[in-house]
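Just so it is clear: chains get the letters A, B, ... in the order the sequence lines come, proteins before strands, and each one is counted from 1.
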Protein chains: 2
Amino acid sequence: MSPANRQVRLAARPSGLPKDSDWELHEATVPEPGSGEFVVAISHLSLDPAMRGWMNAGASYIDPVEVGDVMRAGAVGRVSASEHPGFAVGEHVYGVFGVQEHALSDGKGVFKIDPSLAPAPTYLGTLGMTGLTAYFGLLDVAKVKHGETVVVSGAAGAVGSVVGQIAKIKGARAVGIAGGAEKCRWLVEELGFDAAIDYKSDDVRKALREHAPKGIDVYFDNVGGELLDIALTRLARGARIVICGAVSQYNATEAVRGPSNYLSLLVFRATMTGMVVFDYADRFGEAMAAIAGWMREGRIISREHIVDGGVEAFGDSLLKLFAGENTGKLVLRVG
Amino acid sequence: MSPANRQVRLAARPSGLPKDSDWELHEATVPEPGSGEFVVAISHLSLDPAMRGWMNAGASYIDPVEVGDVMRAGAVGRVSASEHPGFAVGEHVYGVFGVQEHALSDGKGVFKIDPSLAPAPTYLGTLGMTGLTAYFGLLDVAKVKHGETVVVSGAAGAVGSVVGQIAKIKGARAVGIAGGAEKCRWLVEELGFDAAIDYKSDDVRKALREHAPKGIDVYFDNVGGELLDIALTRLARGARIVICGAVSQYNATEAVRGPSNYLSLLVFRATMTGMVVFDYADRFGEAMAAIAGWMREGRIISREHIVDGGVEAFGDSLLKLFAGENTGKLVLRVG
């Protein structure tokens with residue numbers, strides 16, 4: 001009997017928050033590599049708010065996951081079998097391997113990682129797509145400058161926590177918006193943010209007046225919704241808003257809430273720009289080297305929020321993102 | 001008895017469309033110039049959708065008009081008395097002289113105009129702020145390139161009609177969205193737009209698929225509302241949206257309709273930027289010279305929609321803008 005490869009497949013397109021019945025736990029067999037292929041034994045899966053968008057039908061920046069397909073996910077693991085000249089058994093790799101225990105790959109989009117430099121899950125977060133998103137969003141899209149004020153929503157999340165730290169490295173003032181006193185404490189006391197606003201208990205409008213008194217130069221938005229509308233009223237002249245995501249809206253069953261205050265873009269001569277990290281693929285090396293350097297110097301602290309339970313815990317674990325239960329990068333340990 | 005200077009003052013801040021009772025017709029006396037001042041006999045007043053915003057309390061890109069003050073308006077006229085060394089009696093000038101028959105000025109923000117080159121009302125439109133808005137919005141904010149597709153809303157208005165014509169001059173495809181078959185005919189047959197979409201009778205979504213088959217590279221927005229939301233679904237990769245105005249929203253008594261489809265900015269890696277023409281004041285000369293040159297060559301056709309009736313017709317005339325009754329620049333003849 002072949003060894004089992006448990007997979008989570010999309011069983012139905014969800015309406016609102018994904019439910020158990022939207023997933024199917026499938027038992028496949030571990031694949032055998034053909035010529036030019038290798039197999040990865042996955043150790044950790046990346047859980048991302050963007051996954052919710054991939055579950056919807058229709059055109060977006062990436063094709064939707066089809067019903068019946070293994071759910072798309074970034075993952076790290078070790079090569080367990082190889083007929084590929086570039087990947088040897090035992091090597092550690094990152095790739096979009098999907099929610100399963102074993103993945104077959106031809107090497108496209110796969111990076112080797114070095115777990116002696118940083119734990120494997122860090123390559124799903126600060127040294128992975130979310131850290132790269134923070135890097136390119138803040139430096140290339142927003143073009144943050146010394147002395148400016150950066151406000152980031154979802155600040156205790158995988159992207160937001162790195163945005164604030166890079167902002168500080170670049171000489172900017174970093175203000176985070178997060179849900180809960182403990183997350184806010186972590187941002188200020190451990191990560192070095194200048195201030196943190198607890199949207200669950202603070203008056204955000206008032207807090208922004210206090211913590212961004214000269215206005216917001218860069219608003220890095222992971223959340224959308226009401227926070228974006230409030231931020232739009234507190235921009236500085238020439239502000240740049242980076243639209244990275246809108247976790248408050250991904251499970252909306254009615255229309256997405258558009259920013260009613262978008263005419264503030266005119267009042268403040270501001271810009272709102274959407275970004276997708278994959279566009280910067282040819283510069284991932286440069287960015288990873290920079291982030292790794294800052295981590296070595298202790299200027300960026302990486303935090304992974306690791307959940308156990310294997311692939312069968314995927315559906316429940318994903319919901320943590322939408323409930324705001326994670327601090328740092330949410331990762332599911334597999335196998 | 002001193003000669004009368006009839007003025008329209010803001011009597012109350014309107015809710016929704018301005019009503020008669022929001023205006024007060026006041027009879028002042030014609031001012032006498034002091035040292036360094038001059039008096040202008042106003043011939044034509046500029047009517048602009050932006051005026052509605054100036055009537056609201058609160059911070060914006062410009063101070064609100066206070067209740068009791070003469071309503072702000074751009075105007076052209078002739079110097080009728082002068083104690084200013086730079087402005088002689090008989091000279092034709094443009095300035096923000098307000099809704100009145102005679103204005104006192106110290107020359108700040110006043111330009112001399114030459115009515116032998118173009119009729120005075122043209123300096124309120126194509127050779128004035130609206131033409132300059134089209135110029136800087138399309139060339140500096142959107143940075144339109146040869147071969148791109150420009151879609152402009154409010155295309156038969158003072159700004160939109162010039163946007164499309166400059167787009168053509170720059171080798172772009174120009175598609176206008178306007179209300180009514182006659183406006184659409186004018187855009188295509190007289191101004192040389194490649195296509196026009198009648199939002200009152202066409203299926204705009206379908207028409208954009210037909211007339212901007214490769215997507216919208218530049219969306220120049222004067223209207224906001226549903227048209228903006230539809231345009232967001234039809235962007236090309238790297239599109240630039242210029243937020244110039246939102247005439248559909250200025251009289252909203254409930255919240256402004258924000259663009260629900262703003263996450264298309266992410267999907268299409270697009271940018272939405274607000275602009276205010278006054279920021280380009282130091283380059284007005286360059287732009288006016290360029291536009292005047294294109295007019296001489298017959299490449300830009302200027303159209304003014306002139307209403308008679310004097311200052312007392314101001315309130316009713318302004319409503320034409322919000323009813324979409326004007327084609328080209330709406331101007332009120334005074335005196």
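- Proximity to chain B (any heavy atom under 4.5 Å) is restricted, for A/Leu228, to the side chain, taken from C-beta onward.
- Residue-environment remark: CD (B/Glu286) exceeds the threshold of 12 foreign heavy atoms within 6.0 Å.
- Contact tally against chain A (heavy-atom pairs below 4.5 Å) for B/Ile243, B/Val141, B/Val242: the top residue is B/Ile243.
- Only the side chain of A/Arg237 comes within less than 4.5 Å of a heavy atom of chain B; its backbone N, CA, C and O stay farther away.
- Of all residues in residues 142-163 of chain B, none places a non-hydrogen atom less than 4.5 angstrom from a non-hydrogen atom of chain A.
- Annotation: residues 260-276 of chain B contacts chain A through B/Ser260, B/Tyr262, B/Leu263, B/Leu265, B/Leu266, B/Val267, B/Arg269, B/Ala270, B/Thr271, B/Met272, B/Thr273, B/Gly274, B/Met275, B/Val276 [non-hydrogen atoms, separation under 4.5 Å].
- Summarising the local packing, NZ of A/Lys19 is surrounded by more than 12 heavy atoms from other residues, nucleotides or ligands at distances under 6.0 Å.
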